[in-house]
Amino acid sequence: MTVNGYVKNRILYITLSGEMDECSSQTARTQCDKLIEENINCSRIVINLSEVAFMDSTGIGFLIGRYKKAAKLSTPLCITKPNFAADKILNLSGIYSIIPKAE
């Protein structure tokens with residue numbers, strides 16, 4: 001799992017690439033949290049899932065954890081561009097009722 005981030009117009013964009021499973025989630029969690037902590041003045045966080053090839057329930061836990069971290073900072077977080085399989089898992093889990101999907 002690769003994590004890349006950049007800030008544009010006070011929005012933190014985080015792109016995840018690779019497979020989101022139990023083996024890769026800890027590294028991704030650490031890297032995402034570091035990006036969030038380094039950019040606490042951002043007005044919004046957008047997590048791009050377009051390059052995530054595989055996601056299991058660990059990915060849902062990962063997203064909820066980042067949502068909670070952003071909520072403590074009063075920063076809205078959204079998910080964008082999940083592939084078909086990830087979108088299906090996220091829909092079934094009901095995560096979109098907590099974390100909005102941005103088009």
Side-chain angles (χ1 to χ4, degrees):
M1 174 65 52
T2 304
V3 177
N4 293 303
Y6 67 93
V7 176
K8 182 177 180 182
N9 298 328
R10 293 192 57 229
I11 299 173
L12 173 59
Y13 294 92
I14 299 173
T15 301
L16 305 177
S17 304
E19 296 186 353
M20 176 61 75
D21 56 22
E22 192 170 342
C23 294
S24 64
S25 66
Q26 182 59 43
T27 302
R29 185 178 300 119
T30 302
Q31 292 173 343
C32 275
D33 285 351
K34 183 179 178 189
L35 283 168
I36 292 168
E37 290 164 6
E38 290 174 347
N39 296 285
I40 60 172
N41 292 324
C42 286
S43 63
R44 186 174 172 189
I45 300 169
V46 177
I47 298 181
N48 184 330
L49 300 176
S50 65
E51 298 177 22
V52 174
F54 172 80
M55 178 187 288
D56 61 13
S57 61
T58 306
I60 294 167
F62 167 85
L63 291 169
I64 291 173
R66 305 308 54 83
Y67 169 78
K68 288 180 178 180
K69 185 165 196 69
K72 285 181 183 177
L73 300 170
S74 299
T75 306
L77 181 140
C78 66
I79 301 166
T80 190
K81 301 179 182 175
N83 68 22
F84 178 78
D87 190 48
K88 187 172 181 179
I89 289 169
L90 296 171
N91 262 321
L92 290 171
S93 73
I95 200 166
Y96 291 135
S97 65
I98 301 167
I99 305 171
K101 180 179 171 184
E103 297 301 325

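FYI, side chains are in, hydrogens and waters are out, and symmetry mates aren't considered; it's all heavy atoms of this structure. Position 1 is the first residue of the sequence; numbering continues from there.
Every residue was checked against the side-chain hydrogen bond (donor to acceptor under 3.5 Å, both in side chains) condition with N83, not counting sequence neighbours, and none meets it. Remark: K69 pairs with E37 by the side-chain hydrogen bond (donor to acceptor under 3.5 Å, both in side chains) rule, at least two apart or across chains. Scanning for salt bridge (Lys or Arg N to Asp or Glu O under 4.0 Å) contacts around K101 gives D87, with sequence neighbours left out.
Taking hydrophobic clusters as Ile, Leu, Val, Met, Phe, Trp and Tyr residues chained together by side-chain heavy-atom distances below 4.5 Å, I40 does not share a cluster with V46. Both I95 and F62 belong to a common hydrophobic cluster when Ile, Leu, Val, Met, Phe, Trp and Tyr are linked at side-chain heavy-atom distances under 4.5 angstrom. Residues Y6 and I36 are members of separate hydrophobic clusters, defined by side-chain heavy-atom contacts under 4.5 angstrom among Ile, Leu, Val, Met, Phe, Trp and Tyr.
Looking at heavy atoms from C-beta onward, R10 lies out of side-chain contact with R44 at the 4.5 angstrom threshold. Residues L90 and L63 have side chains in contact (heavy-atom distance under 4.5 Å, counting atoms from C-beta outward).
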Under 3.5 Å, which donor-acceptor pairs link side chains of residues 11-21 to any protein atom two or more places apart or in another chain?
residue	atom	partner	partner atom	Å
S17	OG	E51	OE1	2.5
D21	OD1	C23	N	3.2
D21	OD1	S24	N	3.1
D21	OD1	S24	OG	3.2

Donor-acceptor list for residues 70-78 side chains, cut-off 3.5 Å, not counting sequence neighbours:
residue	atom	partner	partner atom	Å
T75	OG1	L73	O	3.3

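Taking CD1 of I98 as the start and CD1 of I60 as the end, the distance is 10.0 Å to the nearest 0.5 Å.
When the shell of 6.0 Å around CD of E22 is examined, it contains 12 or fewer heavy atoms from other residues, nucleotides or ligands. Crowding of Y67 atom OH: a count of heavy atoms from other residues, nucleotides or ligands under 6.0 Å not exceeding 12.
Other residues sharing a hydrophobic cluster with L92 under the 4.5 Å side-chain heavy-atom criterion for ILVMFWY residues do not exist; the residue is a singleton.
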Test log, rule side chain to side chain contact (heavy atoms under 4.5 Å, CB included), inputs I45 and R66: CA-CA 10 Å; I45 300 169; R66 305 308 54 83; over 6 Å; no
